[in-house]
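No experiment lies behind these values; they were computed from the predicted model shown.
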Amino acid sequence: MKLESIELTNFRNIRSLRLKADAGVNIIHGENAQGKTNLTEAIWMFTGAKSFRGAKDKEMIRFGETSCKSSITFSSTMREQCASIELFSSENVSPDRKLKHIELNGITLESTSELAGQFYAVVFSPSHLSLIREGPAFRRKFLDTAISQILPRYEHYLHEYQRILLQRNTLLKDVMRFPQLIDTMDVWEEHLARAAAAVAFCRARYVSRIRPKTIEVYDGISSGKEKLDVFYQCGLENPQDRTREELREFFLRELQSTRKADIERGSTLCGPHRDDLEILVNDMPMRLYGSQGQQRSGVLALKMAECGMVEEVTSETPVVLLDDVMSELDAGRRDYLLNHLENQQVFVTCCDEDSFRGLKSGKRFLIQSGELMDTQTY
């Protein structure tokens, strides 16, 4: 997978920019708040995922403008393709007009998620360094984003689970006032258990497949001095070995056993929305006992494993987006990362280009105030 070029118009602070990328390493450098991460974000949006910064669509539009547009050309093992995403503000737009227009090879798509499975990328940003030390929601998001890219229908599984979960939670609150509604609980719990099983089935198998690569990468970073391990936790032992039907039966039992507590609390206490990715270092929880260096190495191992998984499943080498993380890693981890990204297209944003003075081939792009000021080829 190679990104050939990207063109942006009124995307965040970028009024107009066109960049022709190198097939190897692309260094995007400049001072803070100049537009480097905005460029990375624009590339990531073509995976079909939401902004890795958690931004809403309207926040992509340059201040004072009513729309923005991003366009890319990219090539895979099969062919060269083009895609575009155009966003509109709600101001001065007729009610029947959509606020988003997506095209792939000239064909209009209904939603950005339909781009999933067309353009593959893996992003590594400073926020990912919180993946281990923060709460389970960060790790669930990591899993959900990674799985959605290689299994587009997983997005549907997630949406369906969240929809039914919301309906059951609403019912839990209403039962306190209208006790007769409890007769409908069995039906909703059956639906919710089935949806939960679909999500947990995908998550458990994904973790079991990235586990060997994660362990291997961490072993390389630590020179074999430390041991890392990862497991998916959903309350059931060895979930990766369970069938979807076994998972459905497990979640149904859990929902029925916690029903009374759920009604008292007004929310569902079990299910994939409360699951976690357990990360251990030397058989101890890394979140609690890992040093800052160990935690960063753990995140690096997970992201490298994600890259490997994309290539294994799709036979496409993903574009790697390293957004301002090089300064967060020490020299050893930086070297390990760059030395293990051979034959991949890489976009690195940084303030200090001196870290890459030894770059033998690739391109450097200088971004200032949202404009491409200079390009150097090596």
Asks: Hey, which of Arg168, Arg248, Arg253 is the one that makes salt bridge (charged side-chain N to carboxylate O under 4.0 Å, His left out) with Glu190?
Replies: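 For Glu190, the salt bridge (charged side-chain N to carboxylate O under 4.0 Å, His left out) test succeeds with only one of Arg168, Arg248, Arg253, which is Arg248.
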
Asks: Would Leu366 and Thr375 count as a side-chain contact (heavy atoms from CB on, under 4.5 Å) here? Give the steps.
Replies: CA-CA 7 Å; Leu366 174 63; Thr375 302; over 6 Å; no

Asks: Kindly say whether Ser16 contributes a backbone atom to a donor-acceptor pair with the side chain of Glu371 at under 3.5 angstrom?
Replies: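 Flag not set: sc Glu371 to bb Ser16 has no pair under 3.5 Å.
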
Asks: Measuring from atom CG of Asp183 to atom CG of Leu181, what distance do you get when rounded to the nearest 0.5 angstrom?
Replies: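 The CG atom of Leu181 is 8.5 Å from CG of Asp183, to the nearest 0.5 Å.
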
Asks: Between Gln233 and Glu278, does any side-chain donor sit less than 3.5 Å from a side-chain acceptor?
Replies: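 Checked: Gln233/Glu278 side chains pair up, N/O donor to acceptor below 3.5 Å.
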
Asks: Check this for me: does any side-chain nitrogen of one of Arg211 and Asp229 sit under 4.0 Å from a carboxylate oxygen of the other?
Replies: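 Salt bridge flag = yes for Asp229 with Arg211.
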
Asks: When you look at Arg333 and Glu328, which way does the salt bridge (Lys or Arg N to Asp or Glu O under 4.0 Å) test go after all the steps?
Replies: CA-CA 10 Å; Arg333 293 181 179 87; Glu328 298 286 341; over 6 Å; no

Asks: Above 12 or not: heavy atoms from other molecules or residues under 6.0 Å from CZ of Arg163?
Replies: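 Yes, the 6.0 Å shell around CZ holds more than 12 heavy atoms from other groups.
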
Asks: Salt bridge check: are Arg265 and Asp262 linked by an N-O gap of less than 4.0 Å?
Replies: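 Salt bridge flag = no for Asp262 with Arg265.
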
Asks: Scan side-chain atoms only and decide if Thr73 and Ser5 contain a donor-acceptor pair under the 3.5 Å cut-off.
Replies: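 Their side chains do contain a donor-acceptor pair, which is all the 3.5 Å distance test asks for.
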
Asks: Enter the distance from Met286:CE to Gln295:CD here, rounded to the nearest 0.5 Å.
Replies: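 If we round to the nearest 0.5 Å, Met286:CE and Gln295:CD are 7.0 Å apart.
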
Asks: Angle class for the His128/Phe124 ring planes (parallel below 30°, perpendicular above 60°, tilted otherwise)?
Replies: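 His128 and Phe124: tilted rings.
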
Asks: Tell me the closest heavy-atom pair linking Ala21 and Leu3, and the distance in Å.
Replies: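 Closest approach of Ala21 to Leu3, heavy atoms only: CB-O, 3.4 Å.
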
Asks: Run the salt bridge (Lys or Arg N to Asp or Glu O under 4.0 Å) test on Lys227 and Asp283 for me, step by step, so that the C-alpha distance in whole Å, both residues' side-chain angles and the decisive distance to 0.1 Å come before the verdict.
Replies: CA-CA 8 Å; Lys227 175 188 174 184; Asp283 298 320; 3.8 Å; yes

Asks: Would you say the side chain of Thr314 lies within less than 4.5 Å of the side chain of Tyr120, judging by non-hydrogen atoms?
Replies: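 A side-chain contact under 4.5 Å exists here.
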
Asks: So Tyr161 and His273, would you call those rings parallel, tilted or perpendicular, with 30° and 60° as cut-offs?
Replies: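 Because their plane-to-plane angle lies in the 30° to 60° range, the rings of Tyr161 and His273 count as tilted.
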
Asks: Hydrogens and angles aside, do Glu155 and Ser148 bring a side-chain donor and acceptor to less than 3.5 Å of each other?
Replies: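 Yes, side-chain donor-acceptor contact under 3.5 Å.
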
Asks: Test of understanding: clusters of I, L, V, M, F, W, Y form through side-chain heavy atoms closer than 4.5 Å, transitively. Do Leu321 and Tyr336 belong to the same one?
Replies: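 As far as the 4.5 Å side-chain criterion goes, Tyr336 and Leu321 are connected within one cluster.
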
Asks: Is the NZ atom of Lys173 crowded by more than 12 outside heavy atoms at less than 6.0 Å?
Replies: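 Above 12, so yes.
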
Asks: With the side chain counted from C-beta on, respond yes when Pro272 and Arg203 share a heavy-atom pair under 4.5 Å apart, and no when they do not.
Replies: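 Yes, their side chains come closer than 4.5 Å.
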
Asks: As an exercise, state the distance from CD of Gln345 to CZ of Phe74, rounded to the nearest 0.5 Å.
Replies: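 If I round to the nearest 0.5 Å, the distance is 12.0 Å.
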
Asks: If only side-chain N and O atoms count, and only distance matters, is there a donor-acceptor pair under 3.5 Å linking Tyr218 with Glu226?
Replies: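 There is such a pair (donor and acceptor under 3.5 Å, judged by atom type) between the side chains of Glu226 and Tyr218.
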
Asks: Residues in ring-ring contact (aromatic ring centres under 6.0 Å, His included) with Phe251, at least two apart?
Replies: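 Result, ring-ring contact (aromatic ring centres under 6.0 Å, His included) vs Phe251: none returned.
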
Asks: Flag yes if Met304 and Leu302 sit in one hydrophobic cluster, no otherwise; membership is Ile, Leu, Val, Met, Phe, Trp, Tyr, and two members link when side-chain heavy atoms are under 4.5 Å apart.
Replies: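 Per the 4.5 Å side-chain linkage, Met304 and Leu302 are co-clustered.
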
Asks: Under a 3.5 Å threshold, yes or no: a donor from one side chain and an acceptor from the other, between Thr112 and Lys100?
Replies: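 Yes, Lys100 and Thr112 have a side-chain donor paired with an acceptor closer than 3.5 Å.
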
Asks: Quick check: closest heavy atoms across Asp374 and Gln376, and the distance to 0.1 Å?
Replies: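 Minimum heavy-atom separation between Asp374 and Gln376: OD2-CG, 3.7 Å.
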
Asks: Should Trp188 and Gln167 count as side-chain neighbours, where that means a heavy-atom distance under 4.5 Å?
Replies: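 Yes, their side chains come closer than 4.5 Å.
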
Asks: Could you tell me the separation between the CZ atom of Arg296 and the CD1 atom of Ile132, rounded to the nearest 0.5 Å?
Replies: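 The distance works out to 11.5 Å.
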
Asks: Supply the atom-to-atom distance Arg62 CZ to Asn38 CG, rounded to the nearest 0.5 angstrom.
Replies: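 If we round to the nearest 0.5 Å, Arg62:CZ and Asn38:CG are 10.5 Å apart.
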
Asks: Spell out, yes or no, whether Val25 and Met1 are grouped together once hydrophobic residues are joined by side-chain heavy atoms under 4.5 Å, including indirect joins.
Replies: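 Shared cluster, yes.
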
Asks: Is a side-chain donor-acceptor pair under 3.5 Å present for Ser75 with Glu4?
Replies: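 Looking only at side-chain atoms, Ser75 and Glu4 do form a donor-acceptor pair, the distance falling under 3.5 Å.
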
Asks: Taking the side chain from Arg133 and the backbone from Gln292, do they hold a donor-acceptor pair closer than 3.5 Å?
Replies: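 Checking the backbone N and O of Gln292 against the side chain of Arg133, no donor-acceptor pair under 3.5 Å is found.
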
Asks: Should Val346 and Ile6 be regarded as members of a common hydrophobic cluster, given that ILVMFWY residues are connected when their side-chain heavy atoms come within less than 4.5 Å of each other, either directly or indirectly?
Replies: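 As far as the 4.5 Å side-chain criterion goes, Ile6 and Val346 are connected within one cluster.
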
Asks: How about Leu337 and Leu322: do any of their side-chain heavy atoms sit closer than 4.5 Å?
Replies: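 With C-beta onward as the side chain, the pair touches.
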
Asks: Evaluate the side-chain proximity of Ile27 to Cys350: yes if any heavy-atom separation is below 4.5 Å, no if none is.
Replies: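 When only atoms from C-beta onward are counted, Ile27 and Cys350 do touch, with a gap below 4.5 Å.
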
Asks: Is there a donor-acceptor contact under 3.5 Å from the side chain of Thr258 to the main chain of Ala261?
Replies: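 Not confirmed, Thr258 side chain does not pair with Ala261 backbone.
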
Asks: Does a side chain donor of either Glu311 or Thr317 reach within less than 3.5 Å of an acceptor in the other side chain?
Replies: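 Side chains of Glu311 and Thr317: pair found under 3.5 Å.
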
Asks: Any heavy-atom pair between the side chains of Glu254 and Arg259 that's under 4.5 Å?
Replies: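 No, too far: nothing below the 4.5 Å cut-off.
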
Asks: Please tell me whether Tyr154 and Asp144 have a donor and an acceptor in their side chains that are separated by less than 3.5 angstrom.
Replies: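 Yes, a side-chain donor-acceptor pair sits under 3.5 Å.
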
Asks: Looking only at side-chain N and O atoms, does Thr37 offer a donor or acceptor that is under 3.5 Å from a partner on Asp323?
Replies: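 Per modelled atom types, Asp323 and Thr37 side chains form a pair under 3.5 Å.
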
Asks: Determine, for Tyr157 and Arg244, whether the Lys NZ or Arg CZ falls below 6.0 Å from the six-membered ring centre while staying within 45 degrees of the axis.
Replies: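 Verdict for Tyr157: a cation-pi partner in Arg244.
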
Asks: Just wondering, are more than 12 heavy atoms of other shown residues or ligands nearer than 6.0 Å to NZ in Lys69?
Replies: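 Atom NZ in Lys69 is not packed in, count stays at 12 or less.
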
Asks: Indicate the atoms forming the closest heavy-atom contact of Ile14 with Leu39, along with that distance.
Replies: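 Looking at all heavy atoms of both residues, the shortest contact is CD1-N, 4.3 Å.
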
Asks: Quick check: closest heavy atoms across Leu17 and Gly370, and the distance to 0.1 Å?
Replies: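 Nearest pair, atom of Leu17 first, then Gly370: CD1-O, 4.2 Å.
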
Asks: Do Ser267 and Asn169 have a side chain donor and acceptor closer than 3.5 Å?
Replies: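 No donor-acceptor contact under 3.5 Å links the two side chains.
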
Asks: Pairing donors with acceptors under 3.5 angstrom, does anything connect the side chains of Arg79 and Gln81?
Replies: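 There is such a pair (donor and acceptor under 3.5 Å, judged by atom type) between the side chains of Arg79 and Gln81.
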
Asks: How about Val122 and Val319: do any of their side-chain heavy atoms sit closer than 4.5 Å?
Replies: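 A side-chain contact under 4.5 Å is absent here.
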
Asks: Could you tell me the separation between the CZ atom of Arg205 and the CD atom of Gln240, rounded to the nearest 0.5 Å?
Replies: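 Arg205 atom CZ to Gln240 atom CD measures 8.0 Å (nearest 0.5 Å).
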
Asks: Looking at every heavy atom in both Asp57 and Met45, which two are closest together, and how far apart are they?
Replies: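 Answer, listing the atom of Asp57 first, then Met45: OD1-CE, 4.3 Å.
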
Asks: Do other residues, nucleotides or ligands put more than 12 heavy atoms under 6.0 Å from the CD atom of Gln180?
Replies: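 Count over threshold, so yes.
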
Asks: Hydrogens and angles aside, do Ser51 and Glu41 bring a side-chain donor and acceptor to less than 3.5 Å of each other?
Replies: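 The answer is yes; a qualifying pair exists.
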
Asks: Answer yes or no: is there a side-chain heavy-atom contact under 4.5 Å between Arg12 and Met60?
Replies: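 In short, these two side chains touch, coming nearer than 4.5 Å.
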
Asks: Using every non-hydrogen atom in the two residues, find where Leu99 and Ser90 come nearest and quote the distance to one decimal.
Replies: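 Where Leu99 meets Ser90 most closely, the heavy atoms are CD2-CA, 4.0 Å.
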
Asks: Under a 4.0 Å N-O cut-off, is there an ion pair linking Glu134 with Arg287?
Replies: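 No, no charged N to carboxylate O under 4.0 Å.
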
Asks: Are a donor atom and an acceptor atom from the side chains of Glu189 and His191 found within less than 3.5 Å of each other?
Replies: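 Per modelled atom types, Glu189 and His191 side chains form no pair under 3.5 Å.
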
Asks: Between Ser127 and Arg53, do the side chains contain an N or O donor and an N or O acceptor separated by less than 3.5 Å?
Replies: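 No, no side-chain donor-acceptor contact under 3.5 Å.
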
Asks: In terms of hydrophobic clustering (I, L, V, M, F, W, Y; side-chain heavy atoms under 4.5 Å; direct or indirect links), are Phe142 and Val207 co-clustered?
Replies: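 Same cluster: Phe142 reaches Val207 through Ile, Leu, Val, Met, Phe, Trp or Tyr contacts under 4.5 Å.
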
Asks: Can you establish whether the number of heavy atoms outside Glu246 located under 6.0 Å from its atom CD is more than 12?
Replies: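 Yes, enclosed.
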
Asks: Above 12 or not: heavy atoms from other molecules or residues under 6.0 Å from CG of Asn343?
Replies: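 Incorrect, the count does not exceed 12.
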
